[in-house]
Every structure is written in structure tokens, then in C-alpha cells.
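Notes follow the structure.
Any value given below was found using the heavy atoms of this structure, including those in side chains, with hydrogens, waters and symmetry copies removed. Quick caveat: nothing in here was measured; it's all calculated off a predicted structure.
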Amino acid sequence: MTASQLGNLYGYGDPLPAPATVLETVRGLASDGGPEAGLFAAALTAAIGRLHDWPAPWRELLRELRRHPEVEVRDAAFAASTQDE
């Protein structure tokens, strides 16, 4: 629940001034391997990727999360859309 709330909170509004700094933090969460950190990474990736119109590093991270060892994380990453459908 918290991960989706976090994603909703940061998925709208003005772009972040330094998304590269946030990207490194989210990559660290994604590489943790655990479900909690992975769900936070997936939620933040979806939100910030959408906010910044899916720059290449965020699309790459989303692809990595779609191969995460935890099925819940993979499901959350697959639920993210990189374009309007």
C-alpha cells in the first residue's frame, strides 16, 4: 500500500530538478532483491518515469524490475506503462 501511495504522490507535478540522483537511489532499492525494496523501486520508477516522459535510464530500470526475483515486483513493473495506451 505504501509503495503505491508513494508512486501516486511523486508521479505528478513538476519534474524533479535532479532525477539522476534519485535514479541511483531507486537502482539501489531495485538491486536489494527483497520484495519491499523492490516494490518501492517499481512504484518510484513508474511515477518518476511517467513524470519525466520515460527517459532511457528509467526505461532500462523498468526492464530490470520486470526481471526481479520477486513476482510481486515483476507484476508491479509490468503494470507500469511507458506510453499512453
Side-chain angles (χ1 to χ4, degrees):
M1 177 63 98
T2 303
S4 64
Q5 290 172 335
L6 188 62
N8 288 333
L9 179 65
Y10 290 104
Y12 302 96
D14 294 329
L16 299 175
T21 303
V22 177
L23 178 64
E24 292 308 310
T25 301
V26 177
R27 277 190 178 138
L29 288 169
S31 68
D32 176 87
E36 296 86 3
L39 287 171
F40 274 111
L44 286 169
T45 299
I48 296 170
R50 181 177 61 242
L51 184 65
H52 288 270
D53 200 26
W54 288 104
W58 290 94
R59 289 192 315 268
E60 178 184 319
L61 181 55
L62 184 63
R63 286 191 296 272
E64 290 173 22
L65 287 164
R66 289 175 173 171
R67 295 185 304 269
H68 196 275
E70 295 289 335
V71 69
E72 297 89 355
V73 177
R74 291 192 307 267
D75 288 347
F78 276 111
S81 176
T82 58
Q83 64 183 14
D84 291 333
E85 298 174 315

Is there a donor-acceptor pair under 3.5 Å between the side chain of R74 and the backbone N or O of L65?
->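 Not confirmed, R74 side chain does not pair with L65 backbone.
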
Say whether, by atom type as modelled, one donor and one acceptor occur between the side chain of W58 and the main chain of L23 under 3.5 angstrom.
-> no

Closest approach of [X] and [Y], non-hydrogen atoms and distance?
| X | Y | result |
| --- | --- | --- |
| E72 | L39 | O-CD2, 3.7 Å |
| G49 | P55 | O-CD, 4.2 Å |
| V26 | A41 | CG1-O, 3.7 Å |
| A80 | A46 | CB-CB, 3.7 Å |

Please determine if E24 and R27 form a salt bridge, counting it only when a charged side-chain N lies under 4.0 Å from a carboxylate O.
-> yes

Given L29 and L44, is the side chain to side chain contact (heavy atoms under 4.5 Å, CB included) satisfied, shown in steps?
-> CA-CA 10 Å; L29 288 169; L44 286 169; 4.3 Å; yes

Side chains of W54 and T45: closer than 4.5 Å at any heavy-atom pair?
-> yes

Can you tell me how far the CG atom of L62 sits from the CZ atom of R50, to the nearest 0.5 Å?
-> 11.5 Å

